[in-house]
Amino acid sequence: MNIAMLGSGFIARFYADSLQAQRAKDKLISVYSRNIDKAKKFADDYHLSFFSDDMDEVCSRADVDAVVISLPNNLHEAAVAACARTKKHVLCTKPLGRNAAEAKRMLDMVEEAGIMGGYLEDLCYTPKFLKSVKAVQDGNIGKVLWAKSREAHPGPHSDWFWDHEQSGGGAMVDLGCHCIEISRSFIGKQIRPVEVMCWAATQVHPIKAEDSAIGLVKYANGAIGQFEVSWCFRGGMDLRDEVMGTEGTIWLNNFLRTGFEMFSTGKGGYVAEKAESSSGWLFPVGDEVHELGYTNMFTDMFNAIENKTEPLETFYDGYIVNAIIDACYLSAKTGKWEPVQIEGWRGDQTEDYGSNFVSYDEEHYLIKTEILPNGDRKLILKHKVTGEVTARDVN
């Protein structure tokens, strides 16, 4: 498959490294950049046959099968429109839009054009995440009650991220999009997000947007998704997830502390994304592109194009994430729970997901089974009719 890259910056290089690393039959052949010198430099570095500062020229080439968008947020819609006009499958970096309205227009474009719209949410393709989601789907931890995702680091690399108009927001739209989709995947994408409560603030940086935020997303089945995001965290990039189910728990540390530690006096070079120092105790990542999910992500996307199936992450997923973020921004202003506005929900329509209570017998619910220090076992029960809570010793 021949691929065109729109963009030549930091994330474009991560994408290019992964595209040239895993599926040898796929080939990155061209690049667009608003700056022709950067386009040429990118083409030289990755041995591409064509570069241009004309987006339509790159997208319309007959030798291009799919287009990867790695542009600033405010340019996503125009780039998707260029792909739709030329009937080229399009893979767009996160967030899909600056808001839900933009994301919905992009979703409509790809569906009307009959092309695949792949949402490049790399953190939903990390090896640990894929295995943990499979464990949840296999029932290992029962029904998910609460899923928390945290991403915090010292802030983005590019200037446009810090500009509210270009990015559409701050840490919440930049990092919250990851965390929301991670929790949503654990809880179940078919479960509708219904309302949110969010705090956001500009704590450190002289910008219009928020550099820190915490939010709760309530789902129709009673589950809660929680996100913590910040551009104020010092010491690298902290990516952690926690999932609590009725039958178990999952903890993930995806990046900052992964069992690889190194001490250096500072004479080396690059350590890991968002690392703030090259001296002292450092936390490198063995295969950064793979650990961040890029290789798995592109393999899934191109397999979906070939097999005419949907990838794990679609433009519809990107739209739902944007809709949740919109509600979060409103909640941060009002200080209230705000509803998530979704046009054309495609998941479960049920409003009754049943109770999580476990029956012990016909008369009692089981609250807890406990083993005491002396080895005795005890049950805590609640009577279904009277509500009386009692303890019962078990031999």
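Only this structure's heavy atoms are used, side chains among them; waters, hydrogens and symmetry mates stay out. Quantities reported herein were computed from a predicted structural model and do not represent experimental measurements.
- In this structure, the side chain of Thr126 does not engage the main chain of Asp122 through any donor-acceptor pair within 3.5 Å.
- In terms of modelled atom types and a separation under 3.5 Å, the side chain of His76 and the main chain of Pro95 share a donor-acceptor contact.
- Put simply, the side chain of Glu310 does not reach to within 4.5 Å of the side chain of Tyr316, judged on heavy atoms.
- Donor-acceptor pairing under 3.5 Å is lacking for the side chains of Asn140 and Asp138.
- The structure places CD1 of Ile11 at 9.5 Å from OG of Ser158, a figure rounded to the nearest 0.5 Å.
- Applying the 6.0 Å contact sphere to NZ of Lys384 captures more than 12 heavy atoms from other residues, nucleotides or ligands.
- Across all non-hydrogen atoms, the minimal contact from Val31 to Ser8 is CG2-CB, 4.5 Å.
- Counting only heavy atoms from C-beta outward, the side chains of Tyr15 and Leu120 approach each other to under 4.5 Å.
- Nearest approach of Gly236 to Pro154, heavy atoms of both residues: O-CD, 3.2 Å.
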Check against side chain to side chain contact (heavy atoms under 4.5 Å, CB included), Glu338 and Cys198: CA-CA 9 Å; Glu338 295 290 350; Cys198 183; over 6 Å; no

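- Side-chain contact check for Phe14 versus Ser70: every heavy-atom pair is 4.5 Å or farther apart.
- The closest side-chain heavy-atom distance from Leu379 to Thr369 is below 4.5 Å.
- No donor-acceptor pair closer than 3.5 Å links the side chain of Asn73 to the backbone N or O of Gly168.
- Cluster membership check: Leu239 does not share its hydrophobic cluster with Ile214, using side-chain heavy-atom separations under 4.5 Å among Ile, Leu, Val, Met, Phe, Trp and Tyr.
- When all heavy atoms of Asn356 and Leu145 are compared, the pair lying nearest together is ND2-CD2, 3.6 Å.
- A donor-acceptor pair under 3.5 Å links the side-chain atoms of Arg98 to the main chain of Glu165, judged by distance alone.
- A continuous path of ILVMFWY side-chain contacts below 4.5 Å connects Val394 to Leu381, so both sit in one hydrophobic cluster.
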Discussion item. Under the criterion side chain to side chain contact (heavy atoms under 4.5 Å, CB included), I'd like the reasoning laid out for Asn254 against Leu123: C-alpha separation, chi angles, the key distance, then a yes or no.
Written reply: CA-CA 9 Å; Asn254 293 296; Leu123 295 186; over 6 Å; no

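- The only member of His47, Lys40, Lys41 that meets side-chain hydrogen bond (donor to acceptor under 3.5 Å, both in side chains) when paired with Asp44 is Lys40.
- Note that the CE atom of Met244 and the CH2 atom of Trp251 stand 12.0 Å from one another [nearest 0.5 Å].
- In summary, Glu195 and Lys336 do not engage in a salt bridge, as defined by a charged side-chain N under 4.0 Å from a carboxylate O.
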### Worked verdict on Thr86 versus Val67 for side chain to side chain contact (heavy atoms under 4.5 Å, CB included)
CA-CA 11 Å; Thr86 55; Val67 176; over 6 Å; no

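- Side-chain atoms of Glu210 and Tyr329, non-hydrogen and from C-beta on, do get closer than 4.5 Å to each other.
- Pro193 places a side-chain heavy atom less than 4.5 Å from the side chain of Trp345.
- Ring to ring, His205 and Trp162 are close: their centroids are under 6.0 angstrom apart.
- Between Lys94 and Glu121, no side-chain nitrogen of the basic residue sits less than 4.0 Å from a carboxylate oxygen of the acidic one, so the salt-bridge criterion is not met.
- Gln226 and Trp146 share a donor-acceptor pair across their side chains, judged by distance under 3.5 Å alone.
- Checked by atom type, the side-chain pair Asn74/Trp160 shows no donor-acceptor distance below 3.5 Å.
- Among all heavy-atom pairs drawn from Cys83 and Cys59, the shortest one is SG-SG, 4.2 Å.
- Under the 4.5 Å side-chain criterion, counting only non-hydrogen atoms from C-beta, Phe302 is in contact with Leu91.
- The line from CD1 of Ile324 to CD1 of Ile342 is 6.5 Å long, rounded to the nearest 0.5 Å.
- Looking at Asn374, its side chain does come within 3.5 Å of a backbone N or O of Asp376 through a donor-acceptor pair.
- Under a 3.5 Å cut-off, the side chain of Asn2 and the backbone N or O of Asp63 do form a donor-acceptor pair.
- Aromatic ring centres of Tyr319 and Phe315 lie farther apart than the 6.0 Å criterion allows.
- Within a 6.0 Å sphere centred on CD1 of Ile371, other residues, nucleotides and ligands contribute 12 heavy atoms or fewer.
- Salt bridge annotation for Arg346-Glu111: present, with a cationic side-chain nitrogen under 4.0 angstrom from a carboxylate oxygen.
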Working for salt bridge (charged side-chain N to carboxylate O under 4.0 Å, His left out), residues Arg13 and Asp17
CA-CA 6 Å; Arg13 288 180 175 272; Asp17 288 343; over 6 Å; no

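- Applying the 6.0 Å contact sphere to CD of Glu57 captures more than 12 heavy atoms from other residues, nucleotides or ligands.
- For the pair Arg392 and Tyr360, the cation does not sit on the ring face, since its NZ or CZ is not both under 6.0 Å from the ring centre and inside 45° of the axis.
- Between atom CG of residue Leu252 and atom CZ of residue Phe129 there is a gap of 8.5 Å, rounded to the nearest 0.5 Å.
- A salt bridge is absent between Glu242 and Arg150; no separation between the charged side-chain nitrogens and carboxylate oxygens falls under 4.0 Å.
- At least one donor-acceptor pair under 3.5 Å links the side chain of Asp317 to the backbone N or O of Thr314.
- Annotation: the span from Leu28 atom CG to Met1 atom CE amounts to 13.5 Å, rounded to 0.5 Å.
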Go through the steps to decide whether Phe283 and Arg257 satisfy the test side chain to side chain contact (heavy atoms under 4.5 Å, CB included), and finish with yes or no. CA-CA 6 Å; Phe283 312 108; Arg257 302 298 292 271; 3.2 Å; yes

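- A salt bridge links Asp238 to Arg240: at least one charged side-chain nitrogen sits closer than 4.0 Å to a carboxylate oxygen.
- Between Asn35 and Asp53 the shortest side-chain heavy-atom distance does not fall below 4.5 Å.
- Looking at every heavy atom in both residues, Cys179 comes nearest to Val229 through SG-CG1, 3.9 Å.
- Using a 4.0 Å cut-off between charged side-chain N and carboxylate O, Asp241 and Lys128 make no salt bridge.
- With hydrophobic clusters built from ILVMFWY side chains whose heavy atoms lie under 4.5 angstrom apart, Met106 shares a cluster with Leu75.
- Hydrophobic clustering of Ile, Leu, Val, Met, Phe, Trp and Tyr side chains at less than 4.5 Å, counting indirect connections, keeps Val271 apart from Phe233.
- The shortest heavy-atom contact between Ala79 and Ile69 is CB-CD1, 3.5 Å.
- Under a hydrophobic-cluster definition in which Ile, Leu, Val, Met, Phe, Trp and Tyr are linked whenever side-chain heavy atoms come within less than 4.5 Å, directly or via other members, Ile191 and Val194 are assigned to different clusters.
- A donor-acceptor contact shorter than 3.5 Å is absent between the side chain of Ser212 and the backbone of Ala201.
- Lys88 contributes atom NZ, which lies 9.0 Å from atom CZ of Arg61 (distance to the nearest 0.5 angstrom).
- Side-chain atoms of Asn221 never come within 3.5 Å of backbone atoms of Tyr353 as a donor-acceptor pair (strictly under, hydrogens ignored).
- Listed for the Asp211 side chain is a donor-acceptor partner under 3.5 Å among the backbone atoms of Gln203.
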